[in-house]
Amino acid sequence: MEDVRVALLGCGTVGSQVARLLDEQAADLTARAGAWLHLEGIAVRDINAPRDQAVDRTLLTTDASSLIDGADIVIELMGGIEPARSYILEAFEHGASVVTGNKALLAAHGPELYEAAARADVDLYYEAAVAGAVPVVYGLRESLAGDRITAVLGIVNGTTNYILDEMTTKGLEFDDVLAEAQRLGYAEADPTADVDGLDAAAKCAILASLAFHSRVAMDEVHVEGIRSITSSDIAAATRAGYVIKLIASAKRRENGIEATVGPTLIPNSHPLAGVHGPFNAVVIEAEAADRLMFYGRGAGGAPTASAVLSDVVAAASHIVEGGHAPRELIYADLPVLSLEESVARYQVEVAVDDTVGVLTEVSGIFAQHGVSISAVAQDHEKIIKGEDGLPGQAVCHLTVTTHAASHEALEATIAQLEDSDAVAGINRVIRVEEA
Ligand code: NDP
Ligand code: HSE
């Protein structure tokens, strides 16, 4: 049986589990790949750093380039842009296939990497880059290659789903849950990429590119994180029959692709509403297949290593038997729509003076901008006390749910509401997904 030489770059959370499973599952992996997967070495920054005890420390090196030079498959699990990008390009130049879990790198430099892999006639695999163990890249690239996808909606960041879920089930505030998530090791010490939606945006760009056979860059994804979500937003959502989730959404519209990441009201009856804790899920709508859902662990050493190893087996079997991974397909070349052009349903909570005609005034402003209202709810009257402690102005809260409207029209509506004498303030504006 042929020997396929494997170089592992990185031996952290994921890399250490890849090294462990390559050893523990050697017989099965060999049978499936049709070749011995021989781990030649593991590149790290610090050879003396503590590691999972399953890692053979004699394989550790700080000389990544020498390792790449003698490899048939390079597994990049260092993360970050550089030197990961240069090492991957180096691997292609040496005729090695690459397996990576690096969504930040793919979202920023995907086209360069796909082209280099195709030029070198080797594979570039990245199942682990989106939703960890969940085989959604394979699903889009291969299982759904015969269908026309209309939408991809995902909970693709476990940290933010854990935070929103804790806020929902325990009534806690964002800062308190984040601190607890960091203490438990669910959230990174620097949680920026997760809570500000950047990690989800990188994954959204990858999903949108695959689903619509067009290039979608990370900076074309309109991103809003979850820092501004309060327990009162969550309570209002619960009362109305929704949960708030950070949703990565990629939709095919008549004039192009809409790609957004942001807090979204998901109806309780929607399959994504039942995704709890740090779990990930991606719902795909396709014309023939209808709705599909992919669900599972989106992070963690062993789950992510599972996805990496499936790619390694595929790349190894191509080395042995010929063939190659699907190439980047961008034939549709659809434009990515601006935020203003994007279309969604919204829920707007407006604090208004409780006076005659206020409902007409508010609904009239929506109508002036062509934003159609599907429902209005009014909560109990709240009396703002004056400085003297006596009852002052009566204020009530109107929750207006719209039909699909362009973001441009919604913005114009909000601006006019803010200028209206009848409006005391806009409490919240949030996207709403259909059931
Ligand atoms: P870690 O930070 O735990 O590990 C990174 C590893 O890379 C470490 O072993 C580190 O060496 C090594 N490394 C970093 N820079 C260099 C360098 N310049 N030269 C040599 N070695 C280097 O990362 P993770 O395992 O968490 O993530 C790896 C990749 O997988 C990332 O792209 C991430 O986005 C992706 N991913 C991670 C998931 C997760 O759950 N963690 C889930 C899905 C994808 P040393 O140990 O010496 O510091
Ligand atoms: N930080 C990511 C998450 C895991 O919380 O889902 C890696 O993609």
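Counting starts at 1 for both ligands and their atoms, following the listed order.
Salt bridge absent: Asp176 and Lys170 never bring a charged side-chain N and a carboxylate O closer than 4.0 Å. The pair Lys251-Glu258 fails the salt-bridge criterion, with no side-chain N (NZ, NE, NH1 or NH2) lying under 4.0 Å from an Asp/Glu carboxylate O. With respect to the salt-bridge test (charged N to carboxylate O, under 4.0 angstrom), the residues Glu40 and Arg5 do not qualify.
Of the protein's heavy atoms, Asp194 OD1, 3.0 Å lies nearest to atom 1 (N) of ligand 2. Among protein heavy atoms, atom 7 (C) of ligand 2 sits closest to Lys103 NZ, 3.2 Å. Considering only non-hydrogen protein atoms, atom 4 (C) of ligand 2 sits nearest to Ala299 CB, 3.6 Å. The nearest heavy-atom contact from the protein to atom 4 (O) of ligand 1 is Gly12 CA, 3.3 Å. Gly10 CA, 3.8 Å is the protein heavy atom nearest to atom 12 (C) of ligand 1. At the shortest separation from atom 9 (O) of ligand 1 among protein heavy atoms lies Cys11 N, 2.8 Å. Nearest non-hydrogen protein atom to atom 40 (O) of ligand 1 is Gly300 N, 2.7 Å. Here the protein heavy atom with the shortest distance to atom 28 (C) of ligand 1 is Leu77 O, 3.3 Å. With hydrogens left out, the protein atom closest to atom 34 (O) of ligand 1 is Lys103 NZ, 2.9 Å, a heavy atom. If you check which protein heavy atom lies closest to atom 5 (O) of ligand 2, you get Thr159 OG1, 2.5 Å. In terms of protein heavy-atom proximity, atom 19 (N) of ligand 1 is closest to Met78 SD, 3.8 Å. Atom 41 (N) of ligand 1 has Val14 CG2, 3.7 Å as its closest protein atom, hydrogens excluded (heavy atom only). Ranking protein heavy atoms by distance to atom 6 (O) of ligand 2, first place goes to Gly158 N, 2.7 Å.
Here the options are Asp190, Ile226, Ile229, Asn157, the test is side-chain contact (heavy atoms from CB on, under 4.5 Å), and the partner is Val195; only Ile226 passes.
Under a 4.0 Å heavy-atom criterion, Glu188 is not in contact with ligand 2. Residue contact check for ligand 1: Ala49 places no non-hydrogen atom closer than 4.0 Å to it.
In the model, Asp123 has no side-chain atom that pairs as donor or acceptor with a side-chain atom of His324 under 3.5 Å. The closest side-chain donor-acceptor pair between Thr401 and Gln347 falls under 3.5 angstrom. Between the side chains of Ser231 and Glu173, at least one donor-acceptor pair of N or O atoms lies under 3.5 Å. A donor-acceptor pair shorter than 3.5 Å can be found between the side chains of Glu82 and Ser86. Of the N and O atoms on the side chains of Asp165 and His276, at least one donor lies less than 3.5 Å from an acceptor on the other residue. Looking at His397 and Asp379, their side chains never bring a donor and an acceptor atom within 3.5 Å of each other.
The part of Thr304 lying near ligand 1 is the side chain, judged by heavy-atom distances below 4.0 Å. Residue Asp199 touches ligand 2 through its side chain alone, judged by heavy-atom distances below 4.0 Å. When non-hydrogen atoms are compared, ligand 1 lies under 4.0 Å from the backbone of Ala299 as well as from its side chain. With a 4.0 Å heavy-atom cut-off, ligand 1 is reached by the side chain of Pro83 but not by its N, CA, C or O.
In summary, the atoms of ligand 1 found under 4.0 Å from a heavy atom of Asn102, numbered by their order in the structure, are 32 (O). Listed by atom number, the atoms of ligand 1 under 4.0 Å from Ala128 heavy atoms are 43 (C), 44 (C). Numbered from 1 in the order shown, with element, the atoms of ligand 1 that lie under 4.0 Å from a heavy atom of Ala43 read 21 (N).
Residues Leu77 and Val308 meet the side-chain proximity criterion, which asks for heavy atoms closer than 4.5 Å.
When the heavy atoms of Ile47, Ile81, Asp46 are ranked by distance to atom 47 (O) of ligand 1, first place goes to Asp46. Taking each of Arg297, Arg51, Arg45, Gln17 in turn, the one with a heavy atom nearest to atom 46 (O) of ligand 1 proves to be Arg51.
Rounding to the nearest 0.5 Å places CG of Leu178 at 4.0 Å from CD of Gln182.
Under the salt bridge (Lys or Arg N to Asp or Glu O under 4.0 Å) criterion, the residue pairs touching residues 90-118 are Arg85-Glu112, Lys103-Asp199, Glu115-Arg215, with sequence neighbours excluded.
Enclosure of atom CZ in Arg297 is not indicated, since only 12 or fewer non-hydrogen atoms of other residues, nucleotides or ligands lie within 6.0 angstrom.
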